[in-house]
Amino acid sequence: SNYIGDDLLKVTDFNEAKRLLKNIAEFDTENFEYPILLKLKDRKNRVIEINDHFTFIAYYPEEDILLCEGGHSTDVSFNLKNGEGTNQTGNPDIIKSSANKKYRLNGHFGGQQCSSYFVQKRFKEGFKKVIELDEEFEKIMNVWLCVIGDAFWLNDNVLYLTENSSFGLDTKYFKIEILDDK
């Protein structure tokens with residue numbers, strides 16, 4: 001495949017991210033070893049509820065996504081364009097886009113052994129989750145998609161991936177074809 005991966009701009013320097021998120025995010029840097037998210041708003045000035053201790057990991061300005069870490073190393077992400085949380089936003093480090101960026105693989109780590117994966121489709125207002133891969137794999141093949149190893153798109157509708165939760169001892173290979181009604 002001639003697949004070229006995503007190269008999203010990732011700001012991990014806290015001071016730079018804090019500058020970029022001025023009037024959007026407020027952090028406690030006094031009492032903790034890592035910056036703790038205290039307050040957050042989306043770009044429409046709506047308050048996003050923060051109900052736990054989340055530490056800063058990175059800010060992705062092109063996607064306008066703030067990535068934090070919760071307890072048990074969970075991924076916690078916020079789409080600042082629309083206020084959506086982790087289950088819809090995913091972790092930008094997991095994103096793999098199709099050839100013309102019509103679809104993309106995304107997911108997040110939930111703090112236990114397995115991650116959750118889904119496919120998003122590009123719409124005028126941005127990417128939206130359209131396929132919950134975990135549920136589809138379980139329903140169709142009775143396979144739990146726990147840890148994706150390698151993944152790449154052949155084109156805009158064919159995704160190849162490996163599932164290797166057995167740490168390479170029992171790698172499974174999958175081809176996913178998205179049937180689009182165009």
Apply salt bridge (Lys or Arg N to Asp or Glu O under 4.0 Å) to residues Glu63 and Arg104 and explain how you reach the verdict.
CA-CA 13 Å; Glu63 295 289 323; Arg104 66 187 189 185; 3.1 Å; yes
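Two residues are said to be in side-chain contact when any heavy atoms from C-beta on lie closer than 4.5 Å; Leu66 and Cys68 meet this criterion. For the pair Phe56/Thr29, no side-chain contact is recorded, criterion being any heavy-atom separation below 4.5 Å from C-beta on. For the pair Leu38/Ile50, no side-chain contact is recorded, criterion being any heavy-atom separation below 4.5 Å from C-beta on. Leu21 is listed as a side-chain neighbour of Leu80, based on a closest heavy-atom distance under 4.5 Å. In this structure the side chain of Leu133 reaches within 4.5 angstrom of the side chain of Ile176, judged on heavy atoms. In this structure, Ile148 and Leu105 have side chains that are in contact, with non-hydrogen atoms separated by less than 4.5 Å. With contacts defined as side-chain heavy-atom distances shorter than 4.5 Å, the pair Asn91/Phe109 does not qualify.
Looking only at distances, a side-chain donor or acceptor of Asn164 sits under 3.5 Å from a matching main-chain atom of Gly149. A distance-only check finds a donor-acceptor pair linking the side chain of Trp153 to the backbone of Lys96 [under 3.5 Å]. Counting only distance, with no hydrogens or angles, the side chain of Gln120 and the backbone of Gln88 share a donor-acceptor pair below 3.5 Å.
The minimum heavy-atom distance between Cys146 and Tyr117, with the atom names listed, is O-CE1, 3.6 Å. The minimum heavy-atom distance between Asn106 and Thr89, with the atom names listed, is ND2-O, 2.9 Å. For Gly83 against Ile48, the heavy-atom pair with the smallest separation is CA-CD1, 3.8 Å. Between Ser77 and Gly90, the closest heavy-atom pair is OG-O, 2.6 Å. Here the closest heavy-atom approach between residue Leu37 and residue Ala25 is recorded as CD1-CB, 4.1 Å. Residues Tyr103 and Phe127 come closest through the heavy atom pair C-CE2, 4.4 Å.
At a cut-off of 3.5 Å, with distance as the only test, no side-chain donor of Tyr173 or Asp150 sits close to an acceptor on the other residue. Asp156 and Ser98 are linked by a side-chain donor-acceptor pair at a separation below 3.5 angstrom, with hydrogens and angles left out of the test.
Counting only residues at least two apart or on different chains, the salt bridge (charged side-chain N to carboxylate O under 4.0 Å, His left out) pairs with a member in residues 78-91 are Glu84-Lys128.
In this structure, Glu69 CD and Thr74 OG1 are separated by 7.0 Å, a value rounded to the nearest 0.5 Å. Note that CG of Asp64 is 13.0 Å distant from CZ of Phe78, once rounded to the nearest 0.5 Å. Rounding to the nearest 0.5 angstrom, the gap separating the CD atom in Glu163 from the NZ atom in Lys172 is 5.5 Å. Between the CD1 atom of Ile95 and the CD1 atom of Ile65 there is a distance of 5.5 Å, given to the nearest 0.5 Å.
Residue Gln112 places its CD atom among 12 or fewer non-hydrogen atoms of other residues, nucleotides or ligands, all under 6.0 Å distant. Around atom NZ of Lys129, more than 12 heavy atoms belonging to other residues, nucleotides or ligands sit under 6.0 Å away.
Salt bridge status for Lys101 with Glu62: absent, with no side-chain N to carboxylate O gap under 4.0 Å.
Between Phe118 and His108, the angle of the ring planes lies from 30° to 60°, which puts this pair in the tilted group.
Every residue two or more places apart in sequence or in another chain that forms a side chain to side chain donor-acceptor pair (under 3.5 Å) with Arg19 is listed here: Glu16.
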